[in-house]
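Okay, so here's the structure we're looking at.
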Amino acid sequence: IFLDTGRMNNSLFFLVFLVLLSTCSCFVFEQELLTGKSVPQEFFGVEGRAWKASNKATDLPPLILVPGLTGSGLEDKLTNAKLPFICPKNNDWDQIWIQPARAALVSCFIAQLEQTFEDHTFYNTEGVEMRPVDFGGVHGIDYFGYTSSGVPINSTDYMAPLISNLESAGYVVGQNLAGAPYDWRRTTNPENWNSDMQALIEGLYAQNGNTAVFVLCHSMGNLEFAAFMETMDQSWKDQYVAGFISAAAPWSGASLAIRALVSGLEISKGIITIDAHKIAALVQTFGSVVWMVPTESLLGDEPVVITDTTSYSYQQFSQLFADIGATTAGNIYESLGDSLSTLPNPNVPIYCLYGTNKQTELYYEYKNGLGEQPTTIHYEQTGDGVVPLQSLQKCLSMNPVLSREFNLVGHGDLVKDPLFFNQVMNIVTGNLS
């Protein structure tokens, strides 16, 4: 790996590494499908101000934002960490995901993010602690990238445009608006997220005059929230949760997860060349990605991976992981079982929002073997660019109060879309006519 960081600014360096390390990293040249197009700062809050000018609502119900895969900022603490020779071994809490200055040390960056999995439990590299940034606030979900001095990199906005519009409409962070980031490398209650989420919901409820809370989730955040709700009894849900706004949820998985696990990506961008196998090896330690491989309801018995000698449907994923030597991914897959396909209806008012009519990867041919990149990628034309339509529309089986498709709006763009913001405001204020 060769990097000349002196010739790259923070924004460019961040974008390269977001493409490099994101589990949907197959979008080498179309990473905006995952992250969304950057919104110019001068447009921040415009829709919120317009909404407030035309609406008289003053008491807005509390709202929690739950990000998707890679959407939570992560910080780590090193204590005699077992890292490569060139890496720092001791450091107080400092943001790692994603800080360009730290990402520049690629071998250290990967070693600090990778995990082991034993006895149904994830472990960080020895001596490395990891936690989400600013739980309960919004600085762990507003931008993907921050500088070493803690300044957001404007071109890496994630939920920042949505947060700005919500604030302009009357929401106040810490009063009736909060973020719930999590360690997205893991699944189902990462680092006791469930207890933190319960406390956050109950706290906002009490702080707002015993007003039930809306929860807006994007992408993988939907799955984490649904898994949390599975642990709560119905009386608690009825009291504390006003509604679940589900945005771009991969309810039946996404084929991109399999591609990331099998072959990572090939990247050669200017002065940077990175081995795809190293990326695949890192991703294979992420329970989140293994959790989101396609389930039966996405493609049925149809193959997701095809080689010259065999094919693999959802029923053969254990064999696929064995065939590529992905022992950790295989162990995680066996441990998770059918936990994604059997996630129950959360049994609260649900609102299904998702983009459509974007070319979306569906299955792959590996004619040169599984050790290489796919020779052919097969697409469907109705998904959101990341999640196939069949997976998005499983939300419709949950008896939603409302469902809405956003034509030609990509996976990452949805939470930045002005129409999406206005739909959210209509939901939380009960204006569904």
Side-chain angles (χ1 to χ4, degrees), residues 22-27 33-34 68-70 184 187-188 219-224 226-227 246 248-265 280 283-284 286-307 310-324 326 328-344 352 354-356 358-366 370 373-398 411:
S22 162
T23 56
C24 290
S25 53
C26 43
F27 290 117
L33 286 170
L34 175 67
L69 184 69
T70 75
W184 45 262
T187 61
T188 58
S219 192
M220 178 188 165
N222 290 275
L223 311 184
E224 288 293 351
S246 172
W251 292 112
S252 299
S255 302
L256 284 172
I258 277 292
R259 177 171 158 160
L261 289 161
V262 171
S263 51
L265 77 151
V283 170
Q284 287 164 11
F286 291 171
S288 52
V289 186
V290 178
W291 197 28
M292 290 191 291
V293 298
T295 64
E296 179 181 10
S297 58
L298 180 56
L299 285 173
D301 293 329
E302 294 298 315
V304 184
V305 172
I306 301 169
T307 72
T310 190
S311 61
Y312 305 86
S313 71
Y314 82 98
Q315 294 175 313
Q316 287 87 41
F317 285 160
S318 291
Q319 186 61 52
L320 172 61
F321 295 139
D323 289 348
I324 63 174
T328 299
N331 291 339
I332 296 170
Y333 182 73
E334 291 299 319
S335 177
L336 289 171
D338 59 358
S339 61
L340 176 56
S341 61
T342 59
L343 269 181
C352 305
Y354 51 91
T356 58
K358 303 287 286 188
Q359 181 172 272
T360 305
E361 296 186 20
L362 200 59
Y363 68 98
Y364 310 95
E365 294 183 41
Y366 285 82
L370 295 173
Q373 293 298 302
T375 50
T376 305
I377 300 174
H378 295 268
Y379 298 88
E380 60 107 351
Q381 304 299 322
T382 56
D384 71 359
V386 173
V387 181
L389 185 64
Q390 303 95 304
S391 187
L392 296 164
Q393 288 190 331
K394 187 179 179 183
C395 189
L396 303 181
S397 69
M398 301 178 186
H411 187 81

Legend entry - Val387 versus Ala248, closest heavy-atom pair with distance: CG2-O, 4.4 Å
Inset, instruction - Could you tell me whether the side chain of Gln319 reaches within less than 4.5 Å of the side chain of Thr310, counting heavy atoms only? - result: no
Inset, instruction - Find the distance between CE (Met220) and CE (Met292) and round it off to the nearest 0.5 Å. - result: 5.5 Å
Legend entry - Euclidean distance, Thr360 OG1 relative to Ile377 CD1, rounded to 0.5 Å: 12.0 Å
Legend entry - Heavy-atom side-chain proximity of Val262 to Phe321 below 4.5 angstrom: no
Legend entry - CD/Gln381: more than 12 non-hydrogen atoms of other groups inside 6.0 Å: yes
Inset, instruction - Specify the closest pair of heavy atoms between Leu392 and Gly355, including all atoms of both residues, with the distance to one decimal. - result: CD1-O, 3.6 Å
Legend entry - Shortest non-hydrogen contact between Val293 and Leu340, atoms and distance: O-CD2, 4.3 Å
Legend entry - Nearest-0.5 Å distance, OG of residue Ser219 to CG of residue Asp384: 8.0 Å
Inset, instruction - Taking the side chain as every heavy atom from C-beta outward, state whether Val290 and Leu261 have any pair of such atoms under 4.5 Å apart. - result: yes
Inset, instruction - Search all heavy atoms of Cys395 against all heavy atoms of Trp251 and return the closest pair with its distance. - result: CB-NE1, 3.5 Å
Legend entry - Gap separating the OG atom of Ser297 from the OH atom of Tyr314, nearest 0.5 angstrom: 9.5 Å
Inset, instruction - Starting at CH2 of Trp291, measure out to CD1 of Ile332 and round the result to the nearest 0.5 Å. - result: 13.0 Å
Legend entry - Student check: side-chain heavy atoms of Thr375 and Glu365 closer than 4.5 Å: yes
Legend entry - Evaluation steps, side-chain contact (heavy atoms from CB on, under 4.5 Å), between Val305 and Phe317: CA-CA 9 Å; Val305 172; Phe317 285 160; 5.6 Å; no
Legend entry - Test item: Val304 and Leu320 side chains (from C-beta on) under 4.5 Å apart, heavy atoms: no
Inset, instruction - Classify the side-chain pair Tyr366/Ser263 by whether it contains a donor and acceptor separated by less than 3.5 Å. - result: yes
Legend entry - Backbone N/O of Ala249 and side chain of Lys394: donor-acceptor pair under 3.5 Å: no
Inset, instruction - Could you label the plane-to-plane angle of the His378 and Tyr363 rings as parallel, tilted or perpendicular, counting under 30° as parallel and over 60° as perpendicular? - result: parallel
Legend entry - Min side-chain heavy-atom separation Ile306-Tyr312 under 4.5 Å: no
Legend entry - Atom pair CG (Leu362) and CD (Gln390), whose distance is rounded to the nearest 0.5 Å: 6.0 Å
Legend entry - Residue pair Leu69 / Ser288: nearest heavy atoms and the distance that separates them: CD1-OG, 3.4 Å
Legend entry - Minimal non-hydrogen separation, Ser252 against Ser391, with atom names: N-OG, 2.8 Å
Inset, instruction - Keeping the roles fixed (side chain from Glu334, backbone from Asn331), state whether a donor-acceptor pair exists under 3.5 Å. - result: no
